[in-house]
Participant: 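Below you will find the structure I want to go over with you.
Quick note on labels: first sequence line is chain A, next is B, and so on, each numbered from 1.
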Amino acid sequence: MRRNILLTSFLALASFGVNAAEIKFVCYQDANECDVLQEMTSVWEGSTGNKVNFEVVGYDVVRDQLENQLEAGAAPDVARITNLGGLNKYYLDLAPYVDSAAWEKNYGATLPWYRKPSGDNGIYGWQTQLTVTGPYVNVTMFEDAGVDMPEEGATWDDWADALRVVKSELGLTAGLAMDRTAHRWAGPAFSYGAKFHENGVPILVDQGFRDFAETFVGWHTEGLMPAEGWPAGSGTAFKNAAPLFLDGTVAMHMSGSWMLGNYDANITDFEWTVVPIPCGPGGCGAMPGGSGVVAFNTSKHPEVAASYVDFLSQAGRAGYFAANTGNITAHQGLQKAGIDYSGVSQRVSAGLSTFAANAGKAAESTPQAYWFQGYNKNFAIYGIVPDYITKAITGEMSLEDALTAIDADVAAKIAE
Amino acid sequence: MLDFFLNLNNWLLFFALYLLTGFILAKDVYGFLPKLMSSIGWPIEFTQKLFGTKSLPYLFLFPNILIFGLFTFLPLFMNFGFSVTDGSSINFDSRTFSGLDNLARITQEVQIDTGGVNVEDDKFKAALADTFVFVIMQVPIMILIALFTAIVLNKEIIGRGFWRAIFFYPVMLSPVVVAFLWTLILKRQGLLSQTLIDWNWISEPIQWLVDPSWTMFWSIFVYTWAHMGFYMLILLAGLQSIPRDLYEAAQMDGTSERRVFWRITLPLLMPILLVVTVLSLIKAVQAFEELYALQVGWISLVSYIVENAGIRGQKTFFGLGIASMASLIVALILIVLSLLQFYLTRRQVKL
């Protein structure tokens with residue numbers, strides 16, 4: 001009898017627990033993004049009784065392993081990702097669970113980045129932040145060299161001239177470093193007039209692309225860009241140039257807004273700033289992008305996962321996230337109203353304003369940047385360009401051959 | 001399915017059922033401990049009862065065969081499957097059969113999907129050629145150095161044990177540590193460039209690992225440094241297995257050291273030397289970790305496979321198939337080398 005009572009009590013307790021769902025969230029962070037998301041999540045957990053199990057991982061895990069997990073059916077319920085268009089066949093459509101009109105109103109500009117190539121109106125992800133590529137400059141070096149920084153609207157050639165003087169005055173190894181990926185390369189290429197597509201079909205090597213490729217190889221040949229940057233990587237490998245900026249090897253780092261928190265925390269021995277994106281004959285090009293939180297269609301609790309993503313995307317929470325992580329919000333209402341960045345340092349706040357302005361300039365003068373961001377096979381192109389441009393820099397092949405090979409390789413990689 | 005195995009309760013239930021089965025089958029046994037032992041070991045007793053003692057070895061082999069099959073043969077078959085199918089997915093139901101298309105993609109001048117110029121064949125052939133150069137240079141150099149070192153360390157020299165440990169030490173280091181150490185020396189602002197500049201031997205620092213004129217040299221150097229100790233140890237064991245009385249007899253006959261080496265040491269060491277040669281050939285064809293971590297300026301065959309397989313970055317539609325086909329070609333090379341080892345070893349035994 002006593003045993004039966006115990007068993008009944010146990011079953012009753014177990015059945016009570018069934019109502020609350022547990023979902024798994026795989027989250028990567030550049031600075032404190034997952035910490036802030038966890039803070040926000042605790043409010044949702046308190047109000048719904050559901051539980052979110054956070055698995056904070058390195059970016060490599062999300063980039064390299066998540067797709068295999070999705071294919072193997074061992075995916076989390078929710079993840080923070082950057083390959084927005086590449087994983088769209090796995091996304092849970094949130095539309096049946098959320099207020100679609102509100103999502104369209106607040107995130108209409110970024111929702112297409114998550115959709116399948118044609119005729120898809122689903123709602124798939126909350127764009128946690130907008131990122132924009134752009135240059136960081138070592139102000140102390142410019143001051144020590146007695147060189148004035150080029151003003152807003154200056155071209156890449158103006159900046160190259162200024163950096164040459166800084167390099168020679170201070171005896172630097174190089175002047176400018178850029179992360180080894182076509183994602184960073186694309187902005188300056190847009191400025192030189194590269195179109196990247198024609199009516200939605202990728203065409204990489206046009207005159208603008210060729211002009212910038214020639215300039216870029218020349219910058220390496222003359223030593224304006226360091227041998228530790230692009231030439232030090234092989235194949236399609238990504239190489240972060242931040243260490244070269246951090247240790248004073250170069251005076252400028254072509255990176256993006258996601259590095260603000262990192263540089264703010266780690267640079268203590270020199271002054272730095274974010275400068276307006278340099279321009280060129282094609283406009284003032286910067287690559288927009290960012291990361292988003294998506295739910296997957298393999299989730300056992302689609303309603304719960306969708307409601308969780310919807311909760312995070314609300315204006316108050318999106319604003320809190322942007323303010324506390326020092327990021328540009330993708331919420332269009334908040335973009336108009338403005339975010340109170342009082343929680344971050346002055347230079348991060350100033351950097352955010354500059355990056356936001358860069359995004360605006362890019363949208364106006366180089367709209368192909370937004371096409372390239374939304375193109376679902378852009379990740380393949382990110383690796384192919386450095387592979388061949390590096391060979392042109394090191395003299396393994398002529399620039400002409402490298403450009404021909406880029407076109408041929410991209411065509412082969414995107415063919416299905 | 002995975003959830004079932006991850007659930008501890010399912011395992012406990014399974015164990016309880018297992019014990020219960022054993023308890024029922026072991027009904028003729030008396031006493032708690034014997035009964036418990038019989039309940040735990042019932043599959044063995046049951047098999048013995050059913051098939052006799054002859055079947056027992058297979059029962060013991062079964063778990064090993066299962067694990068071996070799961071982690072060795074299954075990936076082998078999957079690899080073959082990927083090589084003759086197209087698609088970015090690892091699930092075969094999402095891949096389409098394409099026959100030898102992937103072989104065409106890495107060997108033909110014309111790209112079969114676009115009809116344009118193919119660049120994948122250039123990449124594959126470059127990886128094949130560079131790996132060939134690496135193997136042809138690295139293996140003989142390493143074996144010669146390992147043989148010379150083993151001969152020196154086989155003599156009665158001061159601190160012999162210490163020197164043996166010093167030469168073997170790099171083998172114990174992780175490839176990543178090896179690469180890190182040598183990157184500190186070989187990067188542009190590294191120790192080597194700075195020292196040579198201080199000595200006025202060079203005027204500008206050199207990026208030794210990336211410079212096309214130096215990258216292969218340093219790849220061979222570092223790889224030899226990292227692996228030589230292992231082969232030296234095998235050769236040292238081989239040298240010590242040569243009977244001392246042969247050397248004593250030669251000494252009594254007044255044979256020169258050079259003649260002793262060519263007539264006694266080398267012929268008797270030959271079987272070991274052959275094994276070392278083939279093992280190091282196989283290892284050199286598979287070279288990856290150190291070269292990858294060093295970020296050398298050329299792509300080895302295994303790096304080519306890793307790059308295409310979509311292990312890093314986003315997958316491409318044909319990448320996995322191309323990588324699998326390339327890995328089959330590497331496997332073919334390794335099979336030929338292994339057969340060569342088998343043949344040469346047997347020949348030596350017969351001689």
Side-chain angles (χ1 to χ4, degrees), chain A residues 60 63-65 67-68 70-74 82-83 85-87 89 173-174 181 223 226-228 230-239 247 249 300 376-384 387-388 390-391 393-397 401-402 404-416, chain B residues 1-3 86-91 94 96 105 110-123 126-127 183 187-190 204-213 215 291-292 294-300 303-304 306-308 310-320 322:
Chain A
D60 289 1
R63 190 190 60 188
D64 299 342
Q65 296 175 22
E67 193 172 354
N68 281 341
L70 289 163
E71 283 173 5
T82 55
N83 183 9
L87 302 174
K89 64 179 169 183
T173 307
T181 161
E228 290 86 347
W230 278 46
S234 59
T236 58
F238 170 79
K239 195 168 171 66
D247 69 11
T249 302
K300 284 179 185 159
N376 68 335
K377 288 176 182 167
N378 56 12
F379 264 68
I381 298 172
Y382 291 164
I384 289 169
D387 190 5
Y388 291 102
T390 297
K391 285 176 181 156
I393 293 168
T394 56
E396 278 178 69
M397 58 167 52
D401 289 347
T404 307
I406 285 173
D407 262 346
D409 208 2
V410 168
K413 289 284 190 302
I414 63 174
E416 279 187 23
Chain B
M1 185 68 176
L2 189 69
D3 290 346
D86 283 344
S88 59
S89 176
I90 54 172
N91 293 327
S94 310
T96 50
R105 286 185 185 108
V110 177
Q111 218 288 336
I112 58 167
D113 308 295
T114 63
V117 180
N118 191 16
V119 287
E120 205 57 51
D121 69 319
D122 297 335
K123 286 189 199 176
T183 303
K187 65 181 184 177
R188 193 157 76 148
Q189 307 295 346
E204 286 287 318
I206 297 173
Q207 182 89 334
W208 303 100
L209 292 168
V210 177
D211 190 314
S213 340
T215 182
L291 305 176
Y292 179 76
L294 280 168
Q295 297 195 335
V296 293
W298 61 284
I299 303 274
S300 72
S303 297
Y304 174 83
V306 170
E307 185 131 308
N308 275 285
I311 295 168
R312 197 182 56 195
Q314 200 200 350
K315 299 169 179 188
T316 55
F317 192 72
F318 302 115
L320 188 55
I322 286 173

Participant: Name the region of T114(B), side chain, backbone, both or neither, that has any atom closer than 4.5 Å to a heavy atom of chain A.
Facilitator: side chain

Participant: Please state whether the side chain, the backbone, both or neither of K123(B) comes within less than 4.5 Å of a heavy atom of chain A.
Facilitator: side chain

Participant: Can you tell if the side chain of T249(A) reaches within under 4.5 Å of the side chain of Q189(B), non-hydrogen atoms only?
Facilitator: no

Participant: I need the D387(A) CG to I299(B) CD1 distance, nearest 0.5 Å.
Facilitator: 6.5 Å

Participant: Enter the distance from K377(A):NZ to S88(B):OG here, rounded to the nearest 0.5 Å.
Facilitator: 9.0 Å

Participant: Using a cut-off of under 4.5 Å for heavy-atom pairs, which of G395(A), G235(A), A380(A) has the most such pairs with chain B?
Facilitator: G235(A)

Participant: What part of E396(A) is in contact with chain B, defined as an atom under 4.5 angstrom from a non-hydrogen atom: side chain, backbone, both or neither?
Facilitator: side chain

Participant: Please flag which part of N83(A) lies under 4.5 Å from any non-hydrogen atom of chain B: side chain, backbone, both or neither.
Facilitator: side chain

Participant: Check each atom of L209(B) against the heavy atoms of chain A and say whether the ones under 4.5 Å are side chain, backbone, both or neither.
Facilitator: neither

Participant: Below 4.5 Å from any heavy atom of chain B, which atoms of Y382(A) appear? Answer side chain, backbone, both or neither.
Facilitator: neither

Participant: Less than 4.5 Å to any heavy atom of chain B: does that hold for the side chain of D60(A), its backbone, both, or neither?
Facilitator: neither

Participant: Quick one: pull up OG1 in T316(B) and CD1 in I414(A) and give me the separation to the nearest 0.5 Å.
Facilitator: 11.5 Å

Participant: Can you tell me which of D86(B), I90(B), D113(B) forms the most heavy-atom pairs within a distance under 4.5 Å of chain A?
Facilitator: I90(B)

Participant: Return the CD to NZ distance between Q111(B) and K413(A), rounded to the nearest 0.5 Å.
Facilitator: 8.5 Å

